[in-house]
Amino acid sequence: MYQFRDRRRLKRNMRRLWITRLTAACALRGCRYSQFISGLKQVGILLNRKMLSEIAISDPKVFDQICEQAHKASKASVHKVAV
């Protein structure tokens, strides 16, 4: 009876988990989640939140590089708007 509702709820809960993991991983690297996602879009990195979360857990060095690129791109866009 509740299968349809719970399938949707499971998807929602998993997305929330991935975002929480990414938020924590970004905080460790001195970046905010919103800036991270914005920077990824500007750089053109098309990884979804599930894959980014798995990379943050399994391969922190690669996530550091991704976070650095996204952080640079988000900083550059802030400077363009401010100038």
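Position 1 is the first residue of the sequence; numbering continues from there.
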Is the shortest heavy-atom distance from the side chain of [X] to the side chain of [Y] under 4.5 Å?
{"X": "I66", "Y": "L47", "answer": "yes"}
{"X": "I19", "Y": "L22", "answer": "no"}
{"X": "L40", "Y": "L46", "answer": "no"}
{"X": "F63", "Y": "R29", "answer": "yes"}

Practice task
List, by chain and number, the other hydrophobic cluster members for F4, where Ile, Leu, Val, Met, Phe, Trp and Tyr join if side-chain heavy atoms come within less than 4.5 Å, directly or indirectly.
Solution key: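 Listed partners: none, F4 stands alone.
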
Practice task
Run through the side-chain heavy atoms of Ile, Leu, Val, Met, Phe, Trp and Tyr, join any pair under 4.5 Å, and report what else lands in L17's cluster.
Solution key: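 Same cluster as L17: L10, M14, W18.
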
Which atom pair, heavy atoms only, marks the closest approach of [X] to [Y]?
{"X": "F36", "Y": "A70", "answer": "O-CB, 3.6 Å"}
{"X": "A25", "Y": "A56", "answer": "CB-CB, 4.0 Å"}
{"X": "R32", "Y": "C26", "answer": "C-CB, 4.4 Å"}
{"X": "H71", "Y": "S74", "answer": "O-OG, 2.9 Å"}

Handout entry: Side-chain donor or acceptor of S38 paired with backbone N/O of S34 under 3.5 Å
Key =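 No.
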
Practice task
Please check if M51 and I57 belong to a single hydrophobic cluster, counting links between Ile, Leu, Val, Met, Phe, Trp and Tyr side chain heavy atoms closer than 4.5 Å.
Solution key: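 The answer is no; the residues belong to distinct hydrophobic clusters.
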
Handout entry: Test log, rule salt bridge (Lys or Arg N to Asp or Glu O under 4.0 Å), inputs K50 and E54
Key = CA-CA 6 Å; K50 178 182 179 182; E54 291 297 321; over 6 Å; no

Practice task
Dump the intermediate steps for side chain to side chain contact (heavy atoms under 4.5 Å, CB included) on D64 and E68, then the final yes or no.
Solution key: CA-CA 6 Å; D64 287 340; E68 184 178 324; over 6 Å; no

Handout entry: SG-CD1 distance between C67 and I55, expressed to the nearest 0.5 angstrom
Key =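 Result: 12.0 Å between the selected atoms.
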
Problem - Residues that R49 engages under salt bridge (charged side-chain N to carboxylate O under 4.0 Å, His left out), provided they are two or more places apart - result: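 Listed in chain order: nothing, the list is empty.
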
Exercise for the section: Give a yes or no on whether R5 atom CZ has more than 12 heavy-atom contacts from other residues, nucleotides or ligands under 6.0 Å away. Expected result: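 Count over threshold, so yes.
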
